[in-house]
Amino acid sequence: DVKVTQSSRYLVKRTGEKVFLECVQDMDHENMFWYRQDPGLGLRLIYFSYDVKMKEKGDIPEGYSVSREKKERFSLILESASTNQTSMYLCASSPLSGQAVHEQYFGPGTRLTVT
Amino acid sequence: AQSVTQLGSHVSVSEGALVLLRCNYSSSVPPYLFWYVQYPNQGLQLLLKYTSAATLVKGINGFEAEFKKSETSFHLTKPSAHMSDAAEYFCAVRAYSSASKIIFGSGTRLSIRP
């Protein structure tokens, strides 16, 4: 069974802290994604990685960075957390080829609150 | 630019009634379209997808969607709602700038009345 796991379900951080959100997938997928989900806005892509050490900015990359040192792990970093980064963060992965090429598999999400 | 528009941020139906969630897309190339579902406190999971084969697509849990090019629509239906269908539903389209990216709609929350 495919699985995407995220390091925390709930996280509370203070303004200015450096925050790491970790995502691990066990499906050997090439692509990995970080989204944030806000009411009424759907999912917005923050960053996308199509291979180890390769990344591409999404629609809202400002205030975020990412790291992909291993194929199975994709980290989202908030360099200096701000209250407007309070949100639900979703990680996803997808294969580069095959029948499921256009399907993304999601983790359960991390609800981050910045105070 | 590609986009999807979901009509109605919240839809409420009675148990046993027809479920209809509306989605219209904008794409200058033949689209690949998806419906995802998010149950409370969970991530998204794929309900069904259209990839230019049959225009009527069947998904999991009794849902189906019909691709109508003339109406640029991909509405999601289920003949008889069940309490367990209460969730948020997202329509999405593959981005032509990258075959791996998906553009999501803003979501429709489905409530089921007993």
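Lettering of chains follows the sequences in order, A, B, ..., and the numbering in each one begins at 1.
Neither the backbone nor the side chain of Y89(A) comes within less than 4.5 Å of any heavy atom of chain B. Neither the backbone nor the side chain of Q6(A) comes within contact range of chain B; no heavy atom of the residue lies under 4.5 Å from a heavy atom of that chain. Both the backbone and the side chain of I102(B) come within contact range of chain A, with heavy atoms under 4.5 Å apart. Using a 4.5 Å cut-off between heavy atoms, Q38(B) touches chain A through its side chain atoms alone. Proximity to chain B is limited to the side chain of R9(A), based on heavy atoms less than 4.5 angstrom apart. Heavy-atom distances place the side chain of E56(A), and not its backbone, under 4.5 Å from chain B.
Looking only at side-chain heavy atoms (C-beta outward), I60(B) and L48(B) stay at 4.5 Å or farther from each other. Here the side chains of V11(B) and L21(B) are in contact, with some heavy-atom distance below 4.5 Å.
Taken to the nearest 0.5 Å, the OH atom of Y89(B) stands 11.5 Å off from the CG atom of L44(B).
Ring-plane geometry between Y35(A) and F104(B) is classed as perpendicular, the angle between the planes exceeding 60 degrees on a 0 to 90 degree scale with a lower cut at 30.
Salt bridge status for E88(B) with R109(B): absent, with no side-chain N to carboxylate O gap under 4.0 Å.
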Where do E79(A) and K18(A) land on the salt bridge (Lys or Arg N to Asp or Glu O under 4.0 Å) test, with the steps shown first? CA-CA 5 Å; E79(A) 296 288 343; K18(A) 191 168 186 175; 3.5 Å; yes
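Your options are N31(A), D59(A), D38(A), L41(A), and the one with the most heavy-atom pairs under 4.5 Å with chain B is N31(A).
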